[in-house]
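Accompanying notes for the structure given below.
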Amino acid sequence: MFDKILIANRGEIALRVLRACRELGIQTVAVHSTADADAMHVKLADESVCIGPPAAKDSYLNIASIVAACEITGAEAVHPGYGFLSENAKFADILTEHKIKFIGPSAANIRTMGDKIEAKRTAKALGIPVVPGSEGGVSELSEAKKVGKSIGYPVIIKATAGGGGRGMKVANNESELELAVSTAQSEAKAAFGNGEVYIEKYLQKPRHIEVQVLGDGQGRAIHLGERDCSLQRRHQKVWEEAHSPALNSAQRDSIGNRVAKAMADLNYEGVGTIEFLYEDGEFYFIEMNTRLQVEHPVTEMITGLDLVQEQIRIASGSSLQYKQSDITFSGHAIECRINAENAATFTPSPGRVDAVHFPGGLGVRIDSALYSGYRIPPYYDSLIGKLIVFGKTRTECMMRLKRSLSEFVIEGVETTIPLFQRLLNEPDIIDGNYDIHWLEKFLARTAK
Ligand code: MV4
C-alpha cells in the first residue's frame, strides 16, 4: 500500500479522497491555488503545497507544478478526483515517467474513451449495445445523407472530441442535414481543435442510465449497478439516484453483466462509468467516463462499498477482492447537487458563507468542504455540497430527503436547495417518471 498520496483536486472531492486515505492509514498531500489557501481540504490534509494562481489552468491543471509537489513531498501516487486532470492521458503518462502512480486506468484506456468514435467502436467490439449510426467520422455531406437514409431521421451530429453535450446538432430530415453537419464541424473545430463529427440516430425521450464498474487491470471486473442521471440542466446533472426507477433487477443484471465482461476483456483498471441512453426497454452506449464521478456516493449507499478505497487498493497492485456474487444491493439512494447559484436563474453566487447547518440522522450523508466563514471563490465550479440520502425504499428515501432539505441552512450565498424542495412536490418526480428533457421542460413551464 502507498504511504503518501497527493490529491490533485479541491472542494468536496478532495475531502472525499482524504477521508479514504485516512481510513487506510495513508498520509495526504493537498495542493491548492492561491485562492484556496483557506480551503477545507488544505486544513484537513497532513501537508499542503501551493501550486499556482487562481485560474485552474495555472494551478489545478498545471502538470509541472503537480509533479513538482509530488517530488517535494515524496508522494508516491496521485488521486485526480473528477474534472481537472482526471481524464488527461498526457498527465497519466507524465506521472508514469516520473514513477508516480496515477490512481486510475491506463493512459491507453483514457485515450480510447476520450475519442468518442474510438470509444463507440471499442464498446461495440466488446459486445455493448451502441446507438445506430455512422461507422466512424463523417466529413462529406454525401456520406451524411447515406447514413441518414439508412438509419432514418431524426439524426444527431456529435463531435468526435466532444462529450458532455458540447457541439451536438439535431437534423430532423435530409434538408436540415447540411447546416447541422457544417455547424457541428465548425463548433467542434473551435471548441476542441478537431472538427471531426459522427452521426447517430437521435433518441427523442431517453433516460440517462449509467453503469458503475470496478476492474483490477488484471482481467477481473464487476459491476455495481446503475444510476439514473436523467435530471439535468444544460448537461449538468442536478439529481442522481440508484437504482434507476425504470429498471427491474433482471434488466440490471443483464446490462451490468455485459458491461462487466467487456471491462474484464479490456483489462480495465479502477472505477469507470459506462453511460447509456435508455428508451423503450433498450440500452444504447453513448460514452464511457474513466474517472470517479460526482454521483458515486449513491452507488456506495446501496452497495456498502467505499469506491475511493477500492480505487486506491487496486492502484497499489491488489487484485479485486470481490466476485460479482459478493455484491448485493440494498435500498435506494438519491443525491442532490447543491450549488452556490440562484435556484431559479442558476446565476452563480460566490461569496462569504455566514452560517452552515447540515442535516443529519439515519441515512443522511453530506459531502461538502463548506464551513461557516468560508469564502466561496468565483474561479471554480459552483458545486458546494452533495446531500445523499438513503432509504429502504424509494418512498422512504424521498421522505427523508424532504426532511433533510427542511433542516439544511446555508446563509450568505444563494443555493439550489429551493429547487429540490420544488421537485419533491412534483408527481412525476414522486413516481420516478422522467426523461432527460423533463427538468428543462419543468423549468420552462414554471418560470415567471
Ligand atoms: C444523444 C441524445 C439523443 N440521441 N444521442 C448529451 C450529452 C452527451 N453525453 C450525449 N447527449 C445526448 N446524446 C443520441 N443518439 C441526447 C443527448 C442529450 C442528453 C443526454 C443525457 C442527459 C441529458 C441530455 C440532454 C440533452 C441531450
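Ligands are counted one by one from 1 in listed order, and the atoms in each one are counted from 1 as well.
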Out of all atoms in ligand 1, which are within 4.0 Å of some heavy atom of [X]? Include the element for each.
X      : result
Gln232 : 22 (C), 23 (C)
Val131 : 15 (N)
Leu277 : 1 (C), 2 (C), 3 (C), 4 (N), 5 (N), 13 (N), 14 (C), 20 (C)
Glu287 : 8 (C), 9 (N)
Lys201 : 4 (N), 14 (C), 15 (N)

Heteroatom distance test ([X], ligand 1): nitrogen or oxygen, under 3.5 angstrom:
X      : value
Glu200 : yes
His208 : no
Ile156 : no

Using a strict cut-off of less than 4.0 Å between a Lys/Arg side-chain nitrogen and an Asp/Glu carboxylate oxygen, indicate whether [X] and [Y] qualify as a salt bridge.
X      : Y      : result
Glu269 : Lys101 : yes
Glu118 : Arg121 : yes
Arg227 : Glu241 : no
Arg234 : Glu440 : no

Which of these, Gln204, Lys237, His235, has its nearest heavy atom closest to atom 6 (C) of ligand 1? His235

Answer yes or no on whether Arg400 is positioned over the face of Phe390, meaning its NZ or CZ is under 6.0 Å from the six-membered ring centre and within 45° of the axis.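 No - Arg400 does not lie over the ring of Phe390 by the 6.0 Å and 45° rule.
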
Taking all heavy atoms of Gln204 and all of Glu279, pick out the closest pair and write down the distance. N-OE2, 3.4 Å

For [atom], what is the closest protein heavy atom, and at what distance to 0.1 Å?
atom                    : result
atom 11 (N) of ligand 1 : Met168 SD, 3.6 Å
atom 18 (C) of ligand 1 : Ile436 CD1, 3.5 Å
atom 4 (N) of ligand 1  : Leu203 N, 3.0 Å
atom 13 (N) of ligand 1 : Lys158 NZ, 3.1 Å

Sort out for me which residue in Glu135, Glu275, Glu200 forms a salt bridge (charged side-chain N to carboxylate O under 4.0 Å, His left out) with Lys120. Glu200

Ring center gap for Phe442 and Tyr434 short of 6.0 angstrom: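 Judged by ring-centre distance (under 6.0 Å), Phe442 and Tyr434 do not meet the cut-off.
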
Please determine which of Leu387, Val364, Val409, Leu370 meets the side-chain contact (heavy atoms from CB on, under 4.5 Å) test together with Phe358.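 That would be Leu370; it is the only one of Leu387, Val364, Val409, Leu370 passing the side-chain contact (heavy atoms from CB on, under 4.5 Å) with Phe358.
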
